[in-house]
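Note sheet for the following structure.
Note on naming: letters A, B, ... go to the chains in the order of the sequence lines (proteins, then strands), and numbering restarts at 1 for each one.
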Number of protein chains: 2
Amino acid sequence: MNDRKRNVIEKAHELFIEKGFHATSIQDILDYSGISKGTFYNYFISKNELLMEIFRAAFRKMEMARDALLLGQDAGDPEVFMKQIEQQMTANRENKIIPLFEEVYFSGDNELKQFIEIGQMKILRWFSDRLANITDDHCSPYLLDAAIMLNAMLIQYVRFYRKAYGNSVSMLPVVRYSVNRILNLMEEVTLSQEQLLSPELLDVWLPVSNREALDWRSKIHSVISRLKKLDCKNKVHLQKLTFLEEELRSKEPRKFLIDSIVFSMSADFNRETHELQALIDEHLLEKA
Amino acid sequence: MNDRKRNVIEKAHELFIEKGFHATSIQDILDYSGISKGTFYNYFISKNELLMEIFRAAFRKMEMARDALLLGQDAGDPEVFMKQIEQQMTANRENKIIPLFEEVYFSGDNELKQFIEIGQMKILRWFSDRLANITDDHCSPYLLDAAIMLNAMLIQYVRFYRKAYGNSVSMLPVVRYSVNRILNLMEEVTLSQEQLLSPELLDVWLPVSNREALDWRSKIHSVISRLKKLDCKNKVHLQKLTFLEEELRSKEPRKFLIDSIVFSMSADFNRETHELQALIDEHLLEKA
DNA sequence: ACCTTTTTTGGAACGTTAGTATAAATAAAT
DNA sequence: ATTTATTTATACTAACGTTCCAAAAAAGGT
């Protein structure tokens, strides 16, 4: 992706955070980011498409940050889960993702709607997976119900808790309270065997293709971000990794390029590059 | 209110249900309801104002229907509560209230936003009051938490349950499940004394003025609807009651008119009219 | 350095929207 | 019958997202 384009995305995001999506006109974006109308419509098919790019970028970041919190931790520890959720919530607030979501979700554009819906399903899936880590195997038939209710609680409590205690209050008490409620509730429904929605529905709602595609990519990205941290002052190193991220994001990543870059780093970071190479070899096909 | 105006409101609501708020242009409404643009802006300050009138009308209807279900029933019976909720949900679906809500809530107009927010607070208040009927007194510190969580669950489950089983499926299982979860949860937090939000916040959020104004009016309306049922074939009787509803809805109800109509019915319905007269005398001031 | 191709520019123009203004026509009230 | 209020029809404004395009600038190739 172009640096210029990325700058437009960032600047537009700032404006959207400040004034909202609808209240920010294309002209505002042009003025603020210093490009012309023609270029804008070269980069983005429409204003909606720009918003989707913002969402994509924000999602990637948040998912990576969330998964990074799990590294080296006990996946079965509820405390880790809570920390992850809290972090998501603060990131959400900073990016104003949810308000932007909501502002746009109900305004007719079907493509945008579907895009957001997939995002929500991914959140449900993540809740469900993480709850599975924490709870007993007997609870598995009730994972979707639990994920839905946890999601519901968090969304609503954000509203009201902020309304009560101000916008910048920590959400940790809410998260702790909600997760505790859900864990208790899961025990209860496991005993009484009450199920509303089967967890298998999630596989229907979130097509596997969609899921897997992101799954290994997000793994790769988490390795890359780890690598970035390992030598964050080396400019060439960072350039390489940023290029890798770019290339992996494209429709047809050129494997030979990726291979050589990974190879060029293997001397310094043997362990990580090995992991990276394995992931790439497994999922990325040589272009014919 | 004008019959002509009411017709516009109904026709516009039909269009909104069919195509959504934003996708319905003023011109569509003019064509479909057979009035001119000038008249439209005589009746309504703006398109948003029209939507608010639609909401108001729908709310009144739904509140009355909901309260009617309670008449002569045991307020402490969870089953009655569940029936009420289910009825609200089907009414919501028929009027597409929630989608319209959401479509409009995030589109900048602050007046509309505030209006909707008050509506949501009223729902929370109602949940809270009804849960108080059902549960033990010790649970009272946890009523707001419970109301918020119940609301959250219902909203989210509507989405996913309909997604799973189609749009016209009965919501009763969802309601039963959710209410049961909440009741269990209230027991639990009463024991552990975990509170996130104090019920007193509700009094802050929903200004008393706003609340009381609707409170006695809704009581009056529930008496009127009872009276309507008592002799639903008598046209004059119904005309009188409908007129009463109209007059009570206006800014300055003419007490002398209301008094005489109520008096004219007292021969046939002594008990009910007495109740009605008491409510009116208590809350309605003679115009100077 | 020169030519070619790509990208960028910025303004004009289009279609659609909510809302305003207004003069003429119609209906209601006195 | 005359006044008053309401309704109609139409033209108009301002804003918006989007399209189009010719000219300018930048990048790339030789």
| request: Please determine if B:Lys96 and B:Glu18 form a salt bridge, counting it only when a charged side-chain N lies under 4.0 Å from a carboxylate O. | output: no
| said: Can you give me the first and the last nucleotide of DNA chain D (5' to 3') that has an atom within less than 4.0 angstrom of a non-hydrogen atom in chain A? | reply: D:dG17 to D:dT19
| Got a sec, which residues hit ring-ring contact (aromatic ring centres under 6.0 Å, His included) with A:Tyr161, two or more places apart in sequence or on another chain? | A:Tyr165
| said: For B:Asn95, give me all partners under side chain to side chain contact (heavy atoms under 4.5 Å, CB included), at least two apart in sequence or on another chain. | reply: B:His13, B:Ala58, B:Met62, B:Ile97
Distances under 3.5 Å between protein N/O atoms and the N/O atoms of nucleotides 7-9 of chain C, please, pair by pair.
from, atom 1, to, atom 2, distance (Å)
C:dT8, OP1, A:Tyr43, OH, 3.0
C:dT8, O3', A:Arg4, NH2, 3.1
C:dT9, OP1, A:Arg4, NH2, 2.7
C:dT9, OP2, A:Arg4, NH2, 2.9
C:dT9, OP2, A:Ser36, N, 3.2
C:dT9, OP2, A:Ser36, OG, 3.4
C:dT9, OP2, A:Thr39, OG1, 2.6

| request: Quick one: list whatever passes ring-ring contact (aromatic ring centres under 6.0 Å, His included) with A:Phe115, sequence neighbours left out. | output: none
| task | Write out all pairs satisfying salt bridge (Lys or Arg N to Asp or Glu O under 4.0 Å) with one or both partners inside residues 26-51 of chain B, taking only residues at least two apart or from two chains. | result | B:Lys19-B:Asp28, B:Glu49-B:Arg56
| request: Could I get the full list of ring-ring contact (aromatic ring centres under 6.0 Å, His included) partners for B:Phe40, not counting sequence neighbours? | output: B:Phe44
| message | Suppose we screen for side-chain hydrogen bond (donor to acceptor under 3.5 Å, both in side chains). Which residues come up paired with B:Tyr32, at least two apart in sequence or across chains? | response | B:Glu14
| message | For B:Thr39, give me all partners under side-chain hydrogen bond (donor to acceptor under 3.5 Å, both in side chains), at least two apart in sequence or on another chain. | response | B:Ser36
| task | Mind checking salt bridge (charged side-chain N to carboxylate O under 4.0 Å, His left out) for B:Lys61 and listing every partner two or more places apart, or none if nothing turns up? | result | none
| request: Only counting residues at least two apart or in another chain, list the ones meeting side-chain hydrogen bond (donor to acceptor under 3.5 Å, both in side chains) with A:Gln120. | output: B:Arg159
| task | Taking only heavy atoms on the protein side, list every residue of residues 25-33 of chain A lying under 4.0 Å from any atom of DNA chain C, sorted numerically. | result | none
